[in-house]
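Remarks on the structure that follows.
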Amino acid sequence: MKMKNQSVFLRVILFAAWWGVSGVSDGLSSKAVTESGFVSLPCMLVLCCAWAATGAKLPLHKDASTIKAGTCVGFGLAALFWGVRLGSLVTVYAVKTSEPLYTTGVAIYLGEGASVKQALAVAVICGCSASLSVSVTFLSPIFAFASLSNLLLSCRTVFVKSILTSTGAAPLQLFSSISFFGFLSLVPLAAVEVITLPFPSLYTLALCIPSGICYFFYNYLGFLILESVSSCTYAVGKEIRCLIVYGWAALVWGVGLGDMRHLLGMAGILLGSVGYWKALKENTVKTQPDHEFV
């Protein structure tokens, strides 16, 4: 019993570290984007720093799935921070709370399989609509960019899960390769920004260095988690991360939390997440070894 409790404690610590470093990375990147007016260049620098944090000497995975995953990461980050540039981190993360629905759909479409527990991810987003009704309209560019980011990063998750399952690739090496290809995918867009916009201060760009290091830890921890769980379970874990970043940003900037619809939305997300994990533990027929990590 003592060993089991220690195991659960370590898993909680891992998830907490995963969520924490993601908030720091997104906060620093958002500051770099809003202060510089650039989007692709900061994202490219974050991916470059993350790749460098792996040692930048690991052999690259050059298969089609890895290149697709890297491209999805590059453009997914750019879409996310275009939404931040047009609105705010709070507004974008109101939309990001719907990512489990995208991940479930992509997983089913690409043949990962689905079960009742995966369908429960839809319940996790029930609180999202309340936040969306306050923060952003469905026809706005902010909603479009955040939704595009959801789709691209969901594709990344499913591609990574497929690679880890089929090839047994080491998470660190796979993350290094995906970061490298994500970095390459943004070079043309960053070049256009450098040519057409006034160059930002070095201080602003320097924010991308700690952001990239936090991004490395966040994603490397995420890859370790994704080795043990399904894409859908991983997405629900990210759901809590979105909620934490959303609440943190709202508290820091004093936006949103005073509105009852925001509070109802956040409560719905929490209830949906608790329901998902409870159903996951009660489900005895497993297609993925989720029980090892819950």
Side-chain angles (χ1 to χ4, degrees), residues 18-19 21-22 25-26 29 39-40 43-44 46-51 53-54 60-83 92-93 95-113 118 121 145-167 169-186 189 211-212 214-239 241-242 245 288:
W18 183 43
W19 298 327
V21 292
S22 73
S25 176
D26 285 349
S29 296
V39 175
S40 299
C43 291
M44 187 185 77
V46 165
L47 289 170
C48 183
C49 291
W51 174 60
T54 67
L60 291 176
H61 280 271
K62 298 180 181 178
D63 59 284
S65 292
T66 303
I67 295 173
K68 289 177 184 177
T71 303
C72 287
V73 165
F75 289 112
L77 277 181
L80 171 66
F81 287 105
W82 264 110
V92 170
Y93 267 89
V95 186
K96 289 292 288 178
T97 54
S98 64
E99 189 170 333
L101 179 61
Y102 290 76
T103 303
T104 303
V106 172
I108 294 171
Y109 179 75
L110 295 180
E112 182 179 301
Q118 288 180 310
F145 279 119
S147 297
L148 178 60
S149 173
N150 279 347
L151 179 60
L152 291 170
L153 295 180
S154 293
C155 289
R156 184 281 307 263
T157 297
V158 177
F159 284 136
V160 169
K161 180 62 181 178
S162 175
I163 296 167
L164 290 172
T165 302
S166 61
T167 68
L172 183 61
Q173 183 181 4
L174 183 57
F175 172 70
S176 178
S177 302
I178 289 174
S179 298
F180 177 76
F181 289 120
F183 161 77
L184 288 183
S185 70
L186 290 178
L189 294 178
S211 177
C214 290
Y215 181 83
F216 159 71
F217 283 111
Y218 160 61
N219 279 275
Y220 181 50
L221 288 172
F223 278 36
L224 293 176
I225 291 169
L226 194 53
E227 270 194 311
S228 302
V229 302
S230 68
S231 298
C232 186
T233 300
Y234 175 82
V236 175
K238 288 184 69 177
E239 182 76 7
R241 166 243 181 181
C242 287
V245 175
Q288 299 285 346

Indicate yes or no: at least one non-hydrogen side-chain atom of V73 is less than 4.5 angstrom from one of F181.
no
Closest approach of G182 and S185, non-hydrogen atoms and distance?
O-OG, 2.6 Å
Any side-chain heavy-atom pair of S25 and Y218 under 4.5 Å
no
In short, L186 meets S40 closest at the heavy-atom pair CD1-O, 4.1 Å
To the nearest 0.5 Å, how far apart are SG in C72 and CG in L77?
11.0 Å
Over 60° means perpendicular and under 30° means parallel, so classify the ring planes of F216 and F175, tilted if in between.
tilted
Can you spot which of L152, L151, L153 makes a side chain to side chain contact (heavy atoms under 4.5 Å, CB included) with S149?
L153
For the residue pair A78 and V39, what are the closest heavy atoms and their distance?
O-CG1, 3.4 Å
Can you see which heavy atom on V46 is nearest to which on S211, and at what distance?
CG2-OG, 3.7 Å
Closest heavy-atom contact between G74 and L47?
CA-CD1, 4.1 Å
Using 0.5 Å steps for rounding, measure from the OG1 atom of T66 to the CZ atom of F180.
13.0 Å
Taking I67's backbone N and O only, do any of them form a donor-acceptor pair with T71's side chain (distance below 3.5 Å, no angle check)?
yes
To the nearest 0.5 Å, tell me how far D63 CG sits from S166 OG.
8.0 Å
If you define the side chain from C-beta out and look only at heavy atoms, does anything of C49 sit under 4.5 Å from Y215?
no
Smallest heavy-atom separation, F145 atom then A79 atom, equals CB-O, 3.3 Å
From CG (L174) to CG (L60), nearest 0.5 Å:
11.0 Å
Looking at OG of S147 and CG of L80, how far apart are the two atoms once the value is rounded to the nearest 0.5 Å?
11.5 Å
Is the shortest heavy-atom distance from the side chain of F223 to the side chain of I178 under 4.5 Å?
yes
Could you give the distance from CZ (F217) to CG (L221), rounded to the nearest 0.5 Å?
8.0 Å
Side chain of T54, backbone of S176: donor and acceptor closer than 3.5 Å?
no
